[in-house]
Protein chains: 2
Amino acid sequence: MQQERQDPIPLRADAQRNREQIIQAARAEFLRVGMDVPMEEVARAAGVGIATLYRRFPDRSELIKAVSLDNMRRVVALARRLEQDEPDPATALRALLRSVNDVYLSIVMTAVSAHAREALKDTPEIDEQRLEVLTVLSRLLRRAQDQGAIRPDIGAGDLILVLAATSRLMPITDDDLGGTVFERLFALTMDAFRPAPASPLPGRPVEYSDVEHLRQAGGLAIFGR
Amino acid sequence: MQQERQDPIPLRADAQRNREQIIQAARAEFLRVGMDVPMEEVARAAGVGIATLYRRFPDRSELIKAVSLDNMRRVVALARRLEQDEPDPATALRALLRSVNDVYLSIVMTAVSAHAREALKDTPEIDEQRLEVLTVLSRLLRRAQDQGAIRPDIGAGDLILVLAATSRLMPITDDDLGGTVFERLFALTMDAFRPAPASPLPGRPVEYSDVEHLRQAGGLAIFGR
DNA sequence: CGATTAGTGGAAGGATTTCCTCCACTTGAC
DNA sequence: GTCAAGTGGAGGAAATCCTTCCACTAATCG
């Protein structure tokens, strides 16, 4: 489960460390700039040379694939763990959404960026895992709504789109202020979902299929480019 | 006030029309892609040739300047009108925030993008107008809080950052679904600001100076690049 | 500790994107 | 109808980005 590959020549210790640093840096840069961030910026952020990056990931597609899979696995693991261990659906949902960026990367970014779509074209595992996350998310949402902890007039699509927007507020540096600000804004955003809404929302709850539809039409700025 | 310049040779009718189309298209592309969007994409979106764009705006800086000024003027006009005509501060504030993108472009984007900072370096009017918008925004917020219409534990900076994130949800095409979805998500976001918060927010209210500070540190993803 | 070989960084050439100018053609204004 | 302002798009210059190559470094193993 936790194993890396079948059993190719294991990486040397330093190479393994670099590989992980690259994935982590790439993830951050993808979120900060986009999936079209220059490879050299990724290398610099990871503190390695450009050649090291290319040796490990022969082209951008491979890097995107590795980052996406790594991210997906983390989200799915978290989602499963939460659904199993946390009896209160509202708490579980909030904890899941708390890793906004993972969820955003998992559900939206891998489905939106042209680079990502190309890179992940022949990787069905991605779609499976995305579906898994979506399923858990929807289930938690419904249960939280059933027991009155979340306003009833929203759908999973609403949640995802708000998340997608909020992910832009993720702190990049280790700056203290940045961390605090994110905590505040996340809490603030969550407050929008509490029950007894101030006013009914226009239209009907947005589902994930609507998000898909919007993406195909390039309907929202967040799907730009 | 409404006059275009001192009195250079007035543009021919079709040229004037094209100029306006270009500004409008550039604004949309800036929001969709960023201030580094290729000039040709702007031209295409405006339905004009690349040469026409360059004839009207000799380089990117001029275009950014024109778009920013146009946008600023609209926001300032709206802000003044609202403060004068709308007695209820909460309603006025909401109406102002309703043009998320104008406000976002005015306050954040012109202060963040490297291109924009370079282009607007010697245009003090921009800073004046931004200050004007900020002043009205802060005043409306405080008044709305004083009369209990908005939760007391937020500052203008919180508002601006949430706006900045929400602007990513702006509809791009004329798609009906996109419009509705934006309305929903805007209403949802506003609901986060209603009084009697579910839980107190961590930290202290974020002011605009904090936003500036964060920008300089590149502290949030939204300031990326 | 020394040999071996996977691993590394950065320079550099090639490919691609983007900028911007030029000019033959079109169209509004008078 | 004249003509100057205006237009589109081709194409060269410039910048950006991708990728390879190779001399050098440092884990690993005996």
Side-chain angles (χ1 to χ4, degrees), chain A residues 4-26 28-30 32-67 113-119 224-225, chain B residues 4-5 7-26 28-30 32-67 113-116 118-119 224-225:
Chain A
E4 194 55 40
R5 297 283 166 96
Q6 294 86 301
D7 64 337
I9 319 95
L11 289 174
R12 222 170 67 178
D14 55 344
Q16 178 62 33
R17 198 181 334 121
N18 281 339
R19 183 174 195 281
E20 276 152 24
Q21 276 172 7
I22 290 171
I23 289 190
Q24 206 177 327
E29 292 299 293
F30 285 172
R32 189 177 69 88
V33 182
M35 292 239 177
D36 56 347
V37 64
M39 295 296 254
E40 201 175 339
E41 271 185 52
V42 175
R44 195 174 335 122
V48 304
I50 182 71
T52 303
L53 174 52
Y54 271 96
R55 162 174 286 260
R56 214 48 68 206
F57 306 98
D59 60 19
R60 181 183 295 276
S61 288
E62 289 302 316
L63 181 59
I64 290 179
K65 212 181 291 183
V67 170
S113 147
H115 272 123
R117 292 174 67 76
E118 174 62 26
R225 157 115 106 185
Chain B
E4 196 52 41
R5 297 282 168 93
D7 65 339
I9 319 93
L11 290 175
R12 222 170 67 176
D14 54 344
Q16 179 61 33
R17 198 180 333 121
N18 280 339
R19 183 174 194 281
E20 277 153 23
Q21 276 171 9
I22 290 172
I23 289 190
Q24 205 178 329
E29 292 298 295
F30 286 172
R32 188 176 70 89
V33 182
M35 292 238 176
D36 56 347
V37 64
M39 295 296 255
E40 201 175 337
E41 271 185 51
V42 175
R44 195 173 336 120
V48 304
I50 183 71
T52 303
L53 174 52
Y54 272 99
R55 163 175 285 259
R56 213 49 68 207
F57 306 99
D59 60 20
R60 181 182 295 276
S61 288
E62 289 301 317
L63 181 59
I64 290 179
K65 211 181 293 182
V67 170
S113 148
H115 273 122
E118 173 62 26
R225 159 112 105 186

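Atom set for the values below is all heavy atoms of this structure, side chains included, hydrogens, waters and symmetry mates excluded.
Using a 4.5 Å heavy-atom cutoff, the side chains of Glu20(A) and Gln16(A) are in contact.
The line from CG of Asn18(A) to CG of Leu11(A) is 10.0 Å long, rounded to the nearest 0.5 Å.
Closest to the side chain of Pro38(B), from the set dG9(C), dT8(C), dT18(C), is dT18(C).
Phosphate contact (OP1/OP2 of dG9(C), side-chain N/O of Thr52(A), threshold under 4.0 Å): present. Close to dT7(D), at under 4.0 Å from its OP1 or OP2, lies a side-chain N or O of Arg56(B). Contact check, Asn18(A) against dT8(C): a side-chain N or O comes under 4.0 Å of OP1 or OP2. For Arg55(B) and dT7(D), the shortest distance from a side-chain N or O to OP1 or OP2 is not below 4.0 Å.
Taking atom CD on Glu40(B) and atom C1' on dT16(C), their separation rounds to 14 Å, with Å as the unit. As a whole-Å value, the separation of Leu11(A) CG from dA6(C) P is 12 Å. The distance between atom CD1 of Ile50(B) and atom P of dG12(D), rounded to the nearest whole Å, is 17 Å. When rounded to the nearest whole Å, the span between CG of Leu53(B) and P of dC20(C) equals 10 Å. Here the C1' atom of nucleotide dA15(C) and the CZ atom of Arg60(A) are 15 Å apart, to the nearest Å. Straight-line distance from the CZ atom of Arg17(B) to the C1' atom of dG6(D): 12 Å, rounded to whole Å. Between the P atom of dA6(C) and the OH atom of Tyr54(A) lies a distance of 23 Å, rounded to the nearest Å. Counting to the nearest Å, the C1' atom of dG7(C) and the CZ atom of Phe57(A) are 15 Å from each other.
A donor-acceptor contact under 3.5 Å is not formed by the side chain of Arg12(B) with the base of dA29(C).
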Could you list the donor-acceptor pairs under 3.5 angstrom formed by side chains in residues 42-57 of chain B, with sequence neighbours left out?
none

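Map Ala13(B) and Pro58(B) each onto its nearest nucleotide of DNA chain C; the residue landing nearer the 5' end is Pro58(B). The nearest heavy atom of DNA chain C to Met39(B) and to Asp14(B) marks one nucleotide each, and the one closer to the 5' end goes with Met39(B).
Every stem involving DNA chain D, taken as at least 3 paired positions in a row under the Watson-Crick or G-U wobble test at 3.5 Å, is listed here: C:1-30 with D:1-30.
Arg12(A) pairs by the side chain to side chain contact (heavy atoms under 4.5 Å, CB included) definition with Asp14(A), Ala15(A), not counting sequence neighbours.
Closest of all the heavy-atom pairs between Met35(B) and His115(B) is O-ND1, 3.9 Å. Of all non-hydrogen atoms in Ala119(A) and Lys65(A), the two that sit nearest each other are O-CE, 3.5 Å. In terms of heavy-atom proximity, Arg60(A) sits nearest to Pro38(A) at NH2-CA, 4.1 Å.
Ala51(B) comes within 4.0 angstrom of a nucleotide base, judged by non-hydrogen atoms across all strands.
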